[in-house]
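Down below is the structure, laid out as structure tokens.
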Amino acid sequence: MFRAILEKEIRDLLGSTKFVLTFAVSAVLIIGAFAIGATRHNLNLRQYEASVAENLRQLDGLTDWNQMEQNRVFLPPQPLAALVSGVSNDIGRTITVTGRGELTATDSRYGEDPIYAVFRFLDLKFIFHIVFSLFAILLGFDAVCGEKERGTLRLALANAVPRHTFIAGKLVGSVAALAVSLLIAVGAGCLLLPVMGVSLSGGDWIRLVLIVLTGLLYFGAFLTMSVFVSAVTHRSSSSFMAMLVIWIVGVLIVPRVSVLLAGRAIDVPSVDHMSAQKASYREQLWKESRELMANFQPKANTACAATDFGRFMDSLMDVREARTQIYTARLNEERYNRQQEQQKLAFNIARVSPSTSLTLATSALAGTFLTLKEHFVDEASGYQDAYGQFIKEKTGLNPAAGIKVIKIGESNQEPIDPDELPRFGYRPIPLDQSVASAAGDVGILAIFNLLFFAGGFLAFSRYDVR
Amino acid sequence: MKTSHNNRPVLEAVDLTKRYEDGVLALDHVNFAIPAGELFAMLGGNGAGKTTTVNLFLNLLEPTEGEARVNGVAAHLEPLKAKSQMAFVSENVMLYPNFTAIQNLDFFAKLSGHDEYGTRYYRDVLLRVGLAEESHNKRLKGFSKGMRQKCGIAIAILKNAPAILLDEPTAGLDPKAGHDFIQLLDSLRREGKAILMSTHDIFRAREVADTIAIMDCGRIIMQKRAAELQGQDLVQIYMRYMAGRTESSPIAAPVES
Ligand SMILES: Nc1ncnc2c1ncn2[C@@H]1O[C@H](COP(=O)(O)OP(=O)(O)OP(=O)(O)O)[C@@H](O)[C@H]1O
Ligand SMILES: [Mg+2]
């Protein structure tokens with residue numbers, strides 16, 4: 001009996017004009033997203049290669065490593081970042097490495113093409129986000145109340161069919177039929193990647209499969225939610241309205257509102273505020289210094305008084321510097337901690353909507369989560385050490401020492417060998433780390449599925465089929 | 001299939017009472033019994049309680065008092081057991097519009113527990129209910145009301161249950177289709193089915209019914225065997241009972257059994 005209901009549900013869904021139309025549109029969008037991602041990746045790769053070549057070109061004709069002006073490293077484009085951009089377009093892709101000191105990433109893609117900062121790139125995650133949820137809603141909103149309206153529910157339940165069997169058949173049938181059709185479209189899109197010349201490593205394939213599965217869980221959450229809503233409403237028009245409102249709130253409003261709410265709940269001091277604090281601290285330190293200066297007593301030997309005073313002033317400055325540094329570090333850390341707290345709160349508020357978990361989990365899996373920037377800077381600073389070491393070996397000087405000693409006439413006229421320069425070997429965020437940071441949100445999506453699945457059962461068990 | 005003797009009813013209403021949540025007393029201690037091989041016709045105006053009665057048998061509603069029994073099984077106590085012994089044809093048979101007639105029959109036959117039927121049997125039954133061969137593989141969305149009604153009765157036949165419940169099955173059918181429908185019911189009755197039919201059609205009721213009941217305001221105000229009505233004008237009787245309701249209070253209307 002379960003099988004009959006399952007088969008009926010699948011056939012009824014797949015045979016409807018509504019399905020054919022929605023699926024056609026969805027498939028075009030999904031495959032299109034893969035094509036756009038592949039094109040984008042190829043373009044990024046060319047740009048990256050050009051930048052790397054450009055950086056090496058400065059070595060042409062150099063006869064001494066001393067003459068090297070600057071060295072830059074670039075974030076290599078990852079194919080998955082073209083499919084799930086995450087923050088990859090917002091963060092800088094270039095880091096200038098001098099040999100020591102703090103590193104900052106510059107040249108973000110949105111910085112270069114501001115138009116995209118306004119409209120954002122169309123990526124696969126966006127398509128999952130919008131298309132999967134709408135597909136689920138369009139094909140699930142009338143699952144129960146639609147059958148009531150059509151009169152088939154009454155006739156079906158005039159038979160000795162337990163209600164839980166009926167709703168289980170409907171739920172499993174619709175989830176399976178629709179998930180498989182989406183998988184076919186996604187599978188076609190995946191095949192497009194190698195065809196368009198995008199090569200994925202084994203790890204990348206695993207990531208892609210996990211991203212797709214996460215997308216399907218997200219789809220399942222919306223489908224089971226639709227079936228649940230259709231089992232607590234009696235007219236498909238009300239069920240559709242309810243789902244539309246849920247979609248707008250869940251997909252469009254919640255993520256933005258959560259940022260606002262978190263911003264209100266946890267105060268993160270602004271950069272300007274911090275500068276002001278630093279300035280007033282420095283002011284205070286000066287005041288203390290001035291008091292000490294006023295009390296300065298030169299030693300008996302007046303001949304040395306000027307030198308003594310100079311030393312005294314130097315020591316005061318050193319103390320001020322050290323204290324300022326400690327103070328600044330503390331302020332920065334406080335700000336960072338508060339920012340983390342605010343972020344965590346915003347994510348947790350936003351997690352009432354499955355759309356948040358989709359965003360967080362897929363970007364973690366694609367390696368384009370917020371941590372990407374830190375990771376890139378860490379990688380670059382690893383390289384900076386190697387680079388600094390290399391320059392010191394070659395020139396005998398600390399890199400970026402400020403003073404360059406160029407020994408005229410003595411210099412070696414042989415051109416340098418550019419291959420000697422250490423290469424920047426970027427290692428993407430490791431797979432296990434990505435999976436670990438995505439696991440929580442994948443779990444939340446699974447819970448949404450279970451919750452609405454159970455909700456559908458419960459609601460249907462007391463549904464008035466008349 | 002049918003185990004009941006003539007003295008043991010297949011369908012039975014015992015003090016069947018239903019008060020809706022909003023306080024409307026839709027059925028007030030209704031009693032009747034339908035043995036195998038008999039057709040019980042329930043006449044009555046709009047809102048008399050006919051659909052409520054059928055819904056109570058199908059356990060789509062819980063009775064406030066009393067029981068609707070099928071072969072002795074109370075519908076609200078053992079709904080699945082009761083439902084396995086009843087086939088149902090609604091006023092406006094609605095099937096899956098994207099399925100063909102055969103596919104609809106196949107689904108509902110399987111729901112009723114019959115996995116053994118094949119396409120040939122479905123065709124035979126469709127022909128029996130008068131649906132022309134060329135429509136068998138057409139999608140239901142193009143069917144007229146009469147064609148859908150035929151599919152509905154075909155589904156009821158496929159279930160092969162001892163009891164059949166019909167709620168105004170001939171409403172909206174053309175005279176020929178209505179006549180054919182009644183002929184079909186007649187043949188089913190002769191096969192030994194106990195049939196409960198609600199209808200507004202006094203003529204058709206008279207044509208096939210073994211027992212005729214008139215229902216008003218949730219009560220059976222008249223119940224007579226067809227033989228008792230021999231030679232009498234049923235329309236006039238009906239009008240007289242209805243007039244009695246409007247002249248006096250509905251409760252005061254004569255109750256016979
Ligand atoms: N869900 C409900 N809630 C409250 N009252 C209801 C409900 N359904 C029916 N009723 C009331 O119960 C009474 C009997 O209704 P029922 O549908 O059984 O009549 P009927 O004989 O089938 O009428 P018709 O010939 O119009 O189909 C009516 O007064 C109706 O208003
Ligand atoms: Mg009715």
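A, B, ... follow the sequence lines: proteins, then strands. Residue 1 opens every chain.
- When heavy atoms are compared at a cutoff of 4.5 Å, B/F99 approaches chain A solely by way of its side chain, counted from C-beta outward.
- Taking the ring centroids of A/H129 and A/F126, they lie at or beyond the 6.0 Å cut-off.
- Of the residues considered (B/Q103, B/M86, B/R139), B/Q103 shows the highest number of contacts with chain A, using heavy-atom pairs under 4.5 Å.
- Ring geometry for A/F222 against A/Y218 counts as perpendicular: the plane angle is over 60°, on a 0 to 90° scale with 30° as the lower cut.
- Identified by a heavy-atom distance below 4.5 Å to chain B, the contributing residues of residues 14-30 of chain A are A/G15, A/S16, A/T17, in residue-number order.
- Salt-bridge annotation for B/E38 and B/R189: absent, with no side-chain N of the basic residue lying under 4.0 Å from a carboxylate O of the acidic one.
- For A/E149 and A/S236, the side-chain atoms include at least one donor-acceptor pair closer than 3.5 Å.
- The residues A/R3 and A/E7 are annotated as salt-bridged, a charged nitrogen and a carboxylate oxygen being separated by less than 4.0 angstrom.
- Using a 4.0 Å cut-off between charged side-chain N and carboxylate O, A/D123 and A/K125 make no salt bridge.
- Taking B/T51, B/D115, B/L80 one by one and counting their heavy-atom pairs under 4.5 Å with chain A, the maximum is reached by B/L80.
- Interface check for chain A: of the options B/L165, B/N98, B/V93, B/L111, the most heavy-atom pairs under 4.5 Å are formed by B/L111.
- Residues of residues 56-66 of chain B having a heavy atom under 4.5 Å from any heavy atom of chain A, listed by number: B/L58, B/L60, B/L61.
- Of residues 156-168 of chain A, those residues with a non-hydrogen atom less than 4.5 Å from any non-hydrogen atom of chain B are, in numerical order, A/A156, A/L157, A/A158, A/N159, A/A160, A/V161, A/P162.
- At least one donor-acceptor pair closer than 3.5 Å links the side chain of B/R8 to the backbone N or O of B/N71.
- For the salt bridge (charged side-chain N to carboxylate O under 4.0 Å, His left out) test, residues two or more places apart in sequence or in another chain that qualify with B/K110 are B/D106.
- Using modelled atom types and a 3.5 Å distance limit, the side chains of B/E116 and B/Y121 yield no donor-acceptor pair.
- Heavy-atom pairs under 4.5 Å with chain A peak, among B/N55, B/I155, B/L95, at B/N55.
- Geometrically, B/K18 engages B/Y20 in a cation-pi contact defined by less than 6.0 Å to the ring centre and at most 45° from the axis.
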When you look at B/N92 and B/R148, which way does the side-chain hydrogen bond (donor to acceptor under 3.5 Å, both in side chains) test go after all the steps? CA-CA 8 Å; B/N92 192 359; B/R148 277 188 281 120; 2.9 Å; yes
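- Side chain to side chain, B/K193 and B/N160 meet the donor-acceptor criterion of an N or O pair below 3.5 Å.
- With respect to B/E191 and B/R128, a salt bridge is recorded, a charged nitrogen being found less than 4.0 Å from a carboxylate O.
- For the pair A/K148 and A/Y463, the cation-pi criterion (under 6.0 Å, within 45° of the ring axis) is fulfilled.
- Counting only heavy atoms from C-beta outward, the side chains of B/T17 and B/V30 never approach each other to under 4.5 Å.
- Contact count against chain A (heavy-atom pairs under 4.5 Å) is highest for B/K83 among B/K83, B/Q85, B/K81.
- Ring planes of A/F135 and A/F219: tilted class, angle from 30 to 60°.
- Among A/D12, A/V465, A/I5, the residue with the largest count of heavy-atom pairs under 4.5 Å with chain B is A/D12.
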